[in-house]
Structures are given as structure tokens and as C-alpha cells.
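For reference, the structure is listed below as C-alpha cells.
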Amino acid sequence: AFSVVSKLLSQRKLDLLDELVSAEVLQVLKEKISLLPDNHRDALAADIDAIMYTTEGDVRIYYDDDGRKFVSILMRFWYLNGANLPDEVPGETKVFQIVFGDESTKEKRRLLTANYEFQREFTEGAKPDWTITRIEHPRLLE
């Protein structure tokens, strides 16, 4: 889900996120994405093969005022991306250079992070769909 959503954000295909992302988050994303420079927008995309590490940051079970049961999982992702970002972008980790072919052809890759929170209702009879309720790409999507 992270890879699919990050690519759709990068491509500005926000209308395809209606079923995946909460309406509140989607409204904020529409405003932020329209203001992003192209290189920051390109840096949002995470290919599935470029995800280096994932970890859960927080897992919560809670009930709303109507007694419905929810589970929320905050996931953190580290992914490589070749977007042309300035070297002084704070918040990102080491710049990697990968050599393909000869020494004259180098590709810079950055290790970037993203936080996505997934929520699902577990009340009996509820649809078993997960919804993304938070999307953070530090220093890119602020």
C-alpha cells in the first residue's frame, strides 16, 4: 500500500486515493502536493524494490463513543529514491552512489523516510478495509 500510494502522490493522481486514504488526509494532501516542486514530488515515490526497511512505530486498539473497535498501526519506511534533491536537504540520510557499467555513469540514490498510519475498524460486521489516516514524508511534504 505504501508503494502504491507514494507513487500516486508523486504522479498527482489524488483522485485514485479516495478508497485508500481518509478524506481529511486527502484534503490536506491536495493542498500540499499542488505546492511541491517537481523534484520533491518525484522523491515521494517509493518503488516496492527500493524499500530498504520497515518498522511499526505505534500500534493502538481503541473504541469510539459508539462502541466501535478500531486498530491503528503507524509504520515507518526507509526507501531509496533517485530524485534530484539538493545536497543540503535536511532530514534525509546518506547519499549513495551506485555505479552501473563504467565509472563515468553514476546514479545518486538517497535513503528517505516516510510515516504512514493505517486504520481499520474491527467491529463485527464492519468492512475489512484498511484506510491510511496519516501520511508524512519529512522535509518533502510539509
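Index from 1, following the sequence. For clarity, every value in this text was computed on a predicted model and none was experimentally measured.
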Can you confirm whether more than 12 heavy atoms, excluding those of Y63, are under 6.0 Å from its OH atom? no
In terms of side-chain geometry, is the basic nitrogen of R12 or D38 positioned less than 4.0 Å from the acidic oxygen of its partner? yes
Less than 4.5 Å apart, any side-chain heavy atom of Q119 and any of Y62? yes
Could you see if L35 belongs to whatever hydrophobic cluster contains L26? Use Ile, Leu, Val, Met, Phe, Trp, Tyr and a side-chain cutoff under 4.5 Å. no
With the 4.5 Å side-chain cut-off for hydrophobic clustering, are F118 and I61 part of the same group? yes
Which pairs with one or both residues in residues 1-38 pass ring-ring contact (aromatic ring centres under 6.0 Å, His included), sequence neighbours excluded? F2-F77, F2-Y79, F2-Y116
On the six-membered ring of F122, is R120 placed so that its NZ or CZ lies under 6.0 angstrom from the centre and within 45° of the ring axis? yes
Determine, stepwise, if the pair T131 / V21 fulfils side chain to side chain contact (heavy atoms under 4.5 Å, CB included). CA-CA 5 Å; T131 302; V21 178; 5.7 Å; no
Do L44 and V28 share a hydrophobic cluster, counting only Ile, Leu, Val, Met, Phe, Trp and Tyr and linking them when any side-chain heavy atoms are less than 4.5 Å apart? no
Do F70 and L74 belong to the same hydrophobic cluster, where Ile, Leu, Val, Met, Phe, Trp and Tyr are linked whenever their side-chain heavy atoms lie under 4.5 Å apart, directly or via other members? no
Is there a path of hydrophobic side-chain contacts, each under 4.5 Å between heavy atoms of I/L/V/M/F/W/Y residues, joining Y53 to L80? yes
Report, as yes or no, whether the 6.0 Å neighbourhood of atom CG on D64 holds more than 12 heavy atoms from other residues, nucleotides or ligands. yes
Quick test of your reading of the model: are D58 and R60 salt-bridged, counting only N-O distances below 4.0 Å? yes
